[in-house]
Amino acid sequence: MRTDLHTTSPLTGVRNLGILAHVDAGKTTITERILYVTGATHKRGEVHDGTTVTDFDSQERDRGITIFAAAVSCVWDGHRINLIDTPGHVDFSDEVERSLRVLDGAIAVFDAVAGVEAQSESVWRQADRHGVPRIAFVNKLDRAGADLDTAVESIREQLHTVPLVVQLPIGQEDGFTGVVDLLRMRSLVWGAGRDPFEEGPVPDALREEAHRRRRLLEEAVAELHPIALEEFCTESTVCAQTLAAALRDLTRSGEGVVVLCGSAYRNCGIEPLLEAVGAYLPSPLDVPAVRGTLDGTVQERACDPAAPFAALVFKVNSTATGRLTYLRVYSGTIQKGDAVLDVGARRTERVGRILRVQADRHAEVDRAVAGDIVAVIGLKAARAGATLCTAAAPLVFEPPTVADPVVSVAVETRRSLDTGRLASALARLVEEDLSLAVRTDPETGQTVLSGMGELHLEVAVEKIRRAQGLDVGVGRPQVAYRETVARGVSGLVYRHVKQDGGAGQFAHVVLDVEALQAAAGDAGDNDGGSAGDFVFRSTVTGGRVPQEYIRAVEAGCRDALAEGPLGGHPVTGLRVTLTDGATHSKDSSEMAFRTAGRLALREALRASVMELLEPVVEVTATVPEDAVGGVLGDLAARRGRVSGQAARAGTTVITATVPLAELFGYASRLRSRTQGRGTFTTRTTGYAPVPAAVSNGMLSR
């Protein structure tokens, strides 16, 4: 069936891909050039002018960065390209995660001067988790200090992949004018207007170097691909057709990554990049059939327009024209007016309109088929991560993962009359962005908004101010601390007995509590459940505690993880073992054992030696050489641990691990110490113990 589809279906020409990179690597500029070259737009948009198609939000234009993933569509050489421009800032990595969940391929963009940067590595790992094939584009070769070989080496060393370089730059830095295509051994030179390119023979000055690099490419491909190896051994070379087929196979299997180069700002290298997208990245028919579950059984759904309809919601956005729900259609066909089943919510809704998305502009279409990425109007309750199916063939897809928020602020309106409007605006924000969370502080009664970072929360609050016209006050950011067990307890006995007339409650449990790291060596014998950094198991023998009561004890223990004894923070990183227990013939129940599990673990945590954990981030600061001393001193004052320094083109790149709580306001301090010449980026690395002196000071307040 799939073979027939390959030979007859127009889906072979569809490419669903995203652009991934570190902030300021040039993702949005590349997207703009792709739209211009393909004829989707008639004027090149510029980030610095605020005229780009995908950065259409007013905050994106004001800040000069991509905040929200934007979808666009264009046509090139018989291929329909559905493209998602993703954010590069670490605070918006959840947007990248949701996008990667529905993409078939990606273009990874790297700065020719900086090479692999912190967020480049993070989004690469995200793509690895989703199994998304990639090609690489080394951008900004016209910049001072640009070096393709250095950037490629950083890809090899830091991303642990095999870069397969298929181009050689013509000229360096400001003299960069084009590339040599190593497959077809031709030159592509962009003129003074940079549009279009001229094809010609390899320049004499580069002929020897081009042949050397072509030989290196053949050898690298032959090491990874059996057909190329056979031809290489027989003919001592690999022809262009075999090389192209091998590069396609290696890209789609993830064994290698094709590397191209250019300068998006100068419009150099975009056409070859589009050719590579069509040649090497997969169509919806080339990726494995999507898997879902139904009543606990795994089912596959082929990318076939004739199959039952199934789609995944990956983004929800409220606009002036209505609620837009973005879908990736995995199988079947949907037409406007169709009824669809939201499987998780068990709710049937009707599709009013189907839109082909061009950032903030939309073109209405009559239907969408398997492989399409579209937006629909009419769905009132479907959230990101929801599975939409035909009611006759339900299926549930795994939703995108959502990271836990790490920073919180208290928000309130200046006028008490606006409290209801603020609550509605916050609910809409959380619906659109699942990495945001809203709660009410039980002690102060304040509304607390939590997110992935300071900038993330700034953007969210500013969105409320601009969209709703509300005067919103914001408290000082607070980080999300965690608690863990440094030294646990063994054999804690807890008896839950309640008798107040009628049926009573009885549960007897004995628990061991230990740090999860200490128990990692024997993690393989886990016969309980695990979620995040909590593991539960039972060693009860002889049926002293029935299986359904063991599950209830585990549920009770999970309830107790919400608040730890040190400061009411969530508890993580521990293993709980139910070693013994007892039941009563009449008074024991699942409710009694769940209550016993909750209260027993709370008591065990109070008896354990607990440790406070704080979120830490890896800071990469690029500063002038004459400011290094001051920056290092400031990082040390913020409890930072410097892990590396590297000189780069008159500047020094400092890498350090710093507690997130110490980074509030760091941008202003860095600008002050470097006379505005320093920049920094962050990447979340997890949690680390708070030093005793700091922890004691916090707990005493």
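The existence of a salt bridge linking E95 and K315 is confirmed by a sub-4.0 Å separation between a basic side-chain nitrogen and an acidic carboxylate oxygen. Salt-bridge check for R134 with D128: passed, with a basic side-chain N closer than 4.0 Å to an acidic carboxylate O. Salt-bridge formation is not detected for the pair E548/R551: no Lys NZ or Arg NE/NH1/NH2 atom is positioned less than 4.0 Å from an Asp or Glu carboxylate oxygen. With respect to the salt-bridge test (charged N to carboxylate O, under 4.0 angstrom), the residues E153 and R156 qualify.
For the atom pair NZ of K27 and NE2 of H22, the computed distance is 8.5 Å after rounding to the nearest 0.5 Å. Between the CD atom of E603 and the CG atom of L492 there is a distance of 5.0 Å, given to the nearest 0.5 Å. The distance from the CZ atom of R291 to the CD atom of Q299 is 11.5 Å, given to the nearest 0.5 Å. Here the CZ-CD distance, from R383 to E432, works out to 10.5 Å after rounding to the nearest 0.5 Å. F680 contributes atom CZ, which lies 10.5 Å from atom OG1 of T620 (distance to the nearest 0.5 angstrom). Atom-to-atom distance recorded for T577:OG1 and E514:CD is 5.5 Å, nearest 0.5 angstrom.
Of the possible donor and acceptor atoms, one in the side chain of T484 sits under 3.5 Å from a partner among the backbone N and O of T572. For the pair R101 (side chain) and E398 (backbone), a donor-acceptor distance under 3.5 Å is present. Side chain of E483 to main chain of L566: a donor-acceptor pair is present (N/O by atom type, distance under 3.5 Å, no hydrogens or angles).
Residues T655 and V619 fail the side-chain proximity criterion, which asks for heavy atoms closer than 4.5 Å. Residues V545 and S538 are not in side-chain contact: their nearest non-hydrogen atoms beyond the backbone lie 4.5 Å or more apart. The shortest distance between side-chain heavy atoms of C557 and F534 falls below 4.5 Å. Counting heavy atoms from C-beta on, the side chains of I84 and F314 come closer than 4.5 Å. Using a 4.5 Å heavy-atom cutoff, the side chains of V493 and H508 are in contact. Using a 4.5 Å heavy-atom cutoff, the side chains of T447 and V438 are in contact. Residues D587 and H496 have side chains not in contact (no heavy-atom distance under 4.5 Å, counting atoms from C-beta outward). With a 4.5 Å cut-off on side-chain heavy atoms, H569 and R482 do not count as touching.
Smallest separation of non-hydrogen atoms from S588 and F506: OG-O, 3.0 Å. Between W124 and V257, the shortest heavy-atom contact is CH2-CG2, 3.9 Å. When every heavy atom of T652 is checked against every heavy atom of E625, the shortest pair comes out as OG1-CG, 3.9 Å. When all heavy atoms of Q126 and E97 are compared, the pair lying nearest together is NE2-OE1, 2.9 Å. A21 and A25 make their closest contact through CB-CB, 3.7 Å (heavy atoms, listed as atom of the first residue, atom of the second, distance). Of all non-hydrogen atoms in L20 and V123, the two that sit nearest each other are CB-CG2, 4.0 Å.
Other residues, nucleotides and ligands contribute only 12 or fewer heavy atoms inside 6.0 Å of the CZ atom of R487. Heavy atoms from other residues, nucleotides or ligands lying under 6.0 Å from CZ of R125 number more than 12. E563 CD: 12 or fewer foreign heavy atoms inside a 6.0 Å radius.
R641 meets the salt bridge (charged side-chain N to carboxylate O under 4.0 Å, His left out) test with no other residue; sequence neighbours excluded. With sequence neighbours excluded, no residue satisfies side chain to side chain donor-acceptor pair (under 3.5 Å) with R439.
Paired with R575 under the rule side chain to side chain contact (heavy atoms under 4.5 Å, CB included), one option of V535, D533, V513 passes, and it is V535. Screening L436, V407, L449 for a side chain to side chain contact (heavy atoms under 4.5 Å, CB included) involving H456 leaves a single residue, L436.
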Does the side-chain contact (heavy atoms from CB on, under 4.5 Å) test come out yes or no for V461 and R465, once each step is laid out? CA-CA 6 Å; V461 172; R465 289 172 177 156; 3.7 Å; yes
One pair to check against side-chain contact (heavy atoms from CB on, under 4.5 Å): V343 and F397. What are the steps and the verdict? CA-CA 10 Å; V343 184; F397 296 141; over 6 Å; no
Working for side-chain contact (heavy atoms from CB on, under 4.5 Å), residues Y494 and L511: CA-CA 8 Å; Y494 189 86; L511 300 181; over 6 Å; no
Steps toward side-chain contact (heavy atoms from CB on, under 4.5 Å) verdict (L635, Y666): CA-CA 9 Å; L635 287 172; Y666 182 62; 3.6 Å; yes
